[in-house]
Amino acid sequence: MVRRYTQEHTFRHPWGRVTSACWRKYTDPENRSRLSHILEVDTIDRKLDSSHGKLLTKRAITVNAPGPWWLQRIVGETVCHCVEDSTVDAANKSMEIVTRNVTLKDFVSVEEKCWYSPHPQNPDWTVLRQETSISCHTLSALASMAEKIEQRCVEKFQQNSAKGREVMEHVCAYLEAEANGIGVRV
Amino acid sequence: MKDKSKLASSSPCSALKTAYNECFNKWYAEKFLKGQWEKDECLQEWEAYRACVLKRMEDRKLHHLFKMEAMLHAKEED
């Protein structure tokens, strides 16, 4: 069974600032304590399409493995490695990010797609559209347990993506302060 | 928990990563977003950081995983 859900959020900041915040969200030291489930983020590939103004990036993201501690004990892993592919199209003001897990795939598959684009009614705002799909692969005898784990995964992901949006708002606020010449980070 | 402290504290690439990210963030906001995308300006920082990260991934036997993933998804999109 696959669980899918979509979320939408409007940032009251322009697209350029919001996408700048995307790059800083995991890497600025002041956000690390708020996103404690993210252990490490590394850029492993980056290509600039200089004729069309497109930036393609691949990042490796290490997160705490989803699920309760006893499941981590069974699986034998406490961390999960993910890959994030993103395309920024500066000319058309769009950013698309797709994140998938590359380890623990025998147990769970998660795919998250995010799109950032200017708000259709207000060009100074930005809309984030997010689609997440999660499925657990377990023996059919354990289907009911798998379903509970899936539900827990979904709840955890929703909590984490809410935290992620809070951090994005925070980064946008200090980028705005910097742009206005107030060099203070709160 | 052992993995967590190991990852957070002793990443041998962290200084190179910080140098590259700072350069990239500046280039992204001040050049790329303003339409000056003909040239990536952080090549030196990128090469140094990338070499470190790839070496580290190879050491942790993660490199082939990411390559396989890339191949799989390239096929799906064909």
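Proteins come first, then strands; the chains are lettered A, B, ... in the order of their sequence lines, and each starts at number 1.
- Side-chain atoms of B:Met57 and A:His81, non-hydrogen and from C-beta on, never get closer than 4.5 Å to each other.
- Here the closest non-hydrogen pair linking B:Trp37 and A:Ala90 is CZ3-CB, 3.5 Å.
- How far CZ of B:Phe24 is from CH2 of A:Trp23: 5.0 Å, rounded to the nearest 0.5 Å.
- Using a 4.5 Å cut-off between heavy atoms, A:Cys82 touches chain B through its backbone atoms (N, CA, C, O) alone.
- Interface residue A:Lys54: only backbone heavy atoms are found under 4.5 Å from chain B.
- At least one side-chain heavy atom of B:Leu33 sits less than 4.5 Å from a side-chain heavy atom of A:Thr19.
- The number of heavy atoms from other shown groups lying within 6.0 Å of NZ (A:Lys163) is above 12.
- For B:Asn21, the part sitting under 4.5 Å from any heavy atom of chain A is the side chain, from C-beta outward, and nothing else.
- With respect to A:Asp45 and B:Arg50, a salt bridge is recorded, a charged nitrogen being found less than 4.0 Å from a carboxylate O.
- Nearest heavy atoms, A:Leu48 versus B:Phe32: CD1-CE1, 3.9 Å.
- Looking at B:Tyr20, its side chain never comes within 3.5 Å of a backbone N or O of A:Thr43 through a donor-acceptor pair.
- Here A:Ile44 is the residue among A:Ile44, A:Thr103, A:Thr27 with the most heavy-atom pairs under 4.5 Å with chain B.
- Between A:Arg24 and B:Glu22 there is no salt bridge, since no side-chain nitrogen of the basic residue lies less than 4.0 Å from a carboxylate oxygen of the acidic one.
- A:Val41 touches chain B through its backbone: at least one of N, CA, C or O sits under 4.5 Å from a heavy atom, while the side chain does not.
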